[in-house]
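In what follows, a single structure is set out as structure tokens and then discussed.
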Amino acid sequence: MRTATLGPAQRAESLAYMAEHELDVLVVGGGVVGAGTALDAATRGLSTGLVEARDWASGTSSRSSKLIHGGLRYLEMLDFVLVREALKERGLLLERLAPHLVRPVPFLYPLQHKGWERWYAGSGVALYDTMAMARGHGRGLPVHRHLTRRHALRVAPCLKKDALVGALQYYDAQMDDARFVATLVRTAAAYGAKAANRARVTGFLREGERVVGARVQDVEGGGEYEIRAKQIVNATGVWTDDTQAMVGERGQFHVRASKGIHLVVPKDRIHSTTGLILRTEKSVLFVIPWGRHWIVGTTDTDWDLDKAHPAASSADIDYLLEHVNSVLAVPLTRDDVEGVYAGLRPLLAGESDATSKLSREHTVAHPVPGLVVVAGGKYTTYRVMAKDAVDAAVHGLDVRVADCVTEDTPLVGAEGYHALWNARARTAARTGLHTVRVEHLLHRYGALAEEVLDLIASDPSLGEPLRAADDYLRAEITYAASHEGARHLDDVLTRRTRISIETFDRGTRSAREAAELMAPVLGWDKDQTEREVRHYEKRVEAERESQRQPDDLTADAARLGAPDIVPL
């Protein structure tokens with residue numbers, strides 16, 4: 001089983017190595033595209049570095065709808081190429097690349113008009129399934145089916161009887177987006193890539209017109225490094241224009257940010273065995289199964305304020321509640337909302353002022369020698385974006401480089417996953433954990449769950465659940481710091497786990513216990529542990545305050561009331 005550890009020692013070693021050796025490729029940006037690009041480059045045999053200013057997936061890539069999907073609504077726009085590409089990637093992830101992280105999820109589409117709508121929507125969903133199976137990547141997902149109103153209400157009793165005349169049910173796939181990125185980074189590291197989070201690019205090195213490296217600040221230790229590379233890939237998403245400005249050259253395209261917010265509510269608030277997809281006047285609204293919760297989203301509005309911490313306003317929350325309640329027999333209220341998160345989509349700027357009409361397709365450019373820029377796209381097609389970015393970088397190298405192999409390179413934890421899943425009852429008996437706990441670990445770590453179980457074997461107290469977030473074991477907090485690159489409490493409660501959106505207290509009741517588990521791994525003293533807890537509590541309060549504000553401007557100001565990083 002191939003694995004790699006992203007602990008404090010490995011981060012320090014990676015920074016030192018990158019400072020001392022010229023790389024073939026340096027990737028800037030630790031979201032899904034940057035991590036995928038590092039994996040693509042490393043698996044072609046290139047010496048590869050990956051740096052991220054904050055935490056892995058701390059931007060857009062941890063704040064999505066958490067779906068791996070073909071983009072059913074893009075069929076209506078006749079964007080067959082994008083849908084075909086995304087459906088192929090969905091199949092690869094489900095069947096070969098990440099079966100431990102990506103799994104099927106059903107959706108019900110309520111029909112509101114007799115006759116024509118069933119034919120119209122049914123034709124689209126039938127084409128969707130056909131396109132998925134045409135290239136052999138539709139296996140593992142049931143095909144769509146038509147339901148009468150009575151049948152639909154049995155599947156989703158939460159719906160108002162007058163909200164539908166019938167329904168269609170189809171399948172897509174979902175994953176934990178932040179966990180997926182962390183796994184991508186670990187896979188890249190397993191193939192030799194050097195990776196460091198909390199390492200911010202502050203400028204680029206030039207020789208004439210050519211970009212030959214980057215100045216990188218160690219946000220944790222305070223040092224600065226000059227990292228030289230034959231090619232640099234700018235994969236910074238909504239920060240693309242800002243990163244490009246450091247070069248001093250005008251970019252060949254621009255990226256606009258579109259804000260999407262999501263609500264998280266407990267499972268018992270919506271009585272349904274399936275997810276829902278609803279039409280709105282602007283786009284679509286999803287109600288997505290999420291363990292013991294539902295995710296409701298999303299919005300699609302222009303955003304030109306703080307990119308690091310996009311804020312959800314009271315108006316955003318009201319918009320989602322209003323639209324989902326239009327079909328629910330028992331409406332949701334503010335009191336039902338456990339968590340709220342906001343993310344920014346990087347959209348390629350075009351002629352339209354409406355962000356919902358800007359391009360979800362990606363673009364790769366080579367604006368100056370030594371620098372490749374990749375932007376746009378969808379989470380599902382990250383691997384294609386990464387391939388295109390590395391293909392462009394390879395043109396600037398004076399050696400023959402192998403073709404992309406990531407279509408056949410499973411992520412760490414995939415190998416042996418199915419066998420371990422089949423043996424989960426035996427694993428439960430061996431470890432003393434309940435079978436449900438073993439299943440939880442396998443869904444989050446795949447075959448790497450054995451590493452978590454090893455921690456529990458050496459310290460049985462780690463096999464206990466967190467007191468205020470009992471979906472997670474104490475071992476998962478320790479493992480996040482020792483193996484998954486978590487540097488701060490916020491990294492663990494917001495991205496390595498989802499405690500920040502899955503509990504009504506937003507993780508504040510778990511903060512001290514989690515910080516004390518991380519402290520020995522990361523070498524924190526009591527003062528630093530206390531600072532981590534206080535910083536997290538201030539962040540949660542700033543987010544709550546922003547969600548009470550009427551509009552984007554006031555919400556942004558409130559969210560910025562908490563400091564961005566933990567003080568040393």
Side-chain angles (χ1 to χ4, degrees), residues 32 60-61 63-77 79-111 121-147 152 155-156 167-180 260 262 264 267 270 272-280 283-291 293-298 300 324 327 343 345 360-361 377-384 443:
V32 69
T60 303
S61 295
R63 307 179 192 196
S64 73
S65 297
K66 313 195 189 315
L67 293 176
I68 295 292
H69 63 121
L72 181 59
R73 68 192 181 99
Y74 300 127
L75 277 184
E76 195 169 27
M77 303 175 190
D79 198 341
F80 299 112
V81 173
L82 180 60
V83 175
R84 187 182 299 112
E85 181 178 82
L87 286 172
K88 176 188 174 183
E89 295 304 310
R90 185 191 72 177
L92 285 171
L93 289 165
L94 275 167
E95 299 161 20
R96 184 186 306 168
L97 303 184
H100 56 313
L101 300 176
V102 181
R103 56 192 56 89
V105 59
F107 285 103
L108 189 77
Y109 175 64
L111 300 170
S123 299
V125 176
L127 178 59
Y128 194 63
D129 283 347
T130 301
M131 290 173 70
M133 291 185 287
R135 293 193 171 189
H137 292 294
R139 298 188 304 276
L141 287 181
V143 297
H144 75 283
R145 57 179 182 159
H146 288 257
L147 305 181
V155 172
L168 296 167
Q169 188 173 47
Y170 74 99
Y171 281 77
D172 255 318
Q174 72 174 164
M175 46 71 217
D176 182 330
D177 47 10
R179 170 148 300 283
F180 189 93
H262 296 79
V264 182
K267 195 76 168 180
I270 300 176
S272 178
T273 60
T274 178
L276 304 173
I277 178 172
L278 312 169
R279 276 190 177 277
T280 71
S283 184
V284 294
L285 185 73
F286 286 102
V287 179
I288 306 163
W290 183 253
H293 317 268
W294 297 96
I295 294 175
V296 180
T298 178
D300 195 348
V324 74
V327 299
R345 305 176 191 87
R360 260 65 171 179
E361 295 187 58
K378 297 166 76 251
Y379 198 112
T380 304
T381 56
Y382 81 89
R383 195 192 64 81
V384 180
H443 275 151

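Note: hydrogens, waters and symmetry copies are ignored here, and every other heavy atom, side chains too, is used. Fair warning: this is a prediction, and the values are worked out from it, not measured in the lab.
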Nearest non-hydrogen partners of [X] and [Y], listed with the distance:
X: A173; Y: R90; result: CB-CG, 4.2 Å
X: A156; Y: L276; result: CB-CD2, 4.3 Å
X: R345; Y: T298; result: NH2-CG2, 3.0 Å
X: T381; Y: A86; result: CG2-CA, 3.8 Å
X: W294; Y: G275; result: CZ3-CA, 4.1 Å
X: P99; Y: L97; result: CD-C, 3.6 Å

Mind checking whether [X] and [Y] have side chains closer than 4.5 Å, heavy atoms only?
X: V102; Y: F180; result: yes
X: R145; Y: L168; result: no
X: K88; Y: V384; result: no
X: R103; Y: H443; result: yes
X: D172; Y: L67; result: no
X: M175; Y: L93; result: no

Any donor-acceptor N/O pair, [X] side chain to [Y] backbone, under 3.5 Å:
X: D177; Y: S64; result: yes
X: D129; Y: H144; result: yes
X: Q174; Y: P289; result: yes
X: T380; Y: H69; result: yes

Approximate separation, where rounding is to 0.5 Å, of [X] [atom1] and [Y] [atom2]:
X: Q169; Y: I277; atom1: CD; atom2: CD1; value: 12.5 Å
X: L82; Y: L87; atom1: CG; atom2: CG; value: 9.5 Å
X: R279; Y: L111; atom1: CZ; atom2: CG; value: 10.5 Å
X: L92; Y: I68; atom1: CG; atom2: CD1; value: 11.0 Å
X: K66; Y: R179; atom1: NZ; atom2: CZ; value: 12.5 Å

Could you go through the side-chain contact (heavy atoms from CB on, under 4.5 Å) check for W290 and V105 one step at a time?
CA-CA 10 Å; W290 183 253; V105 59; over 6 Å; no
Side chains of H262 and S65, donor plus acceptor under 3.5 Å
yes
Tell me if the centroids of the rings in Y170 and Y109 come within less than 6.0 Å of each other.
no
F107/V287 under side-chain contact (heavy atoms from CB on, under 4.5 Å): CA gap, chis, key distance, verdict:
CA-CA 8 Å; F107 285 103; V287 179; over 6 Å; no
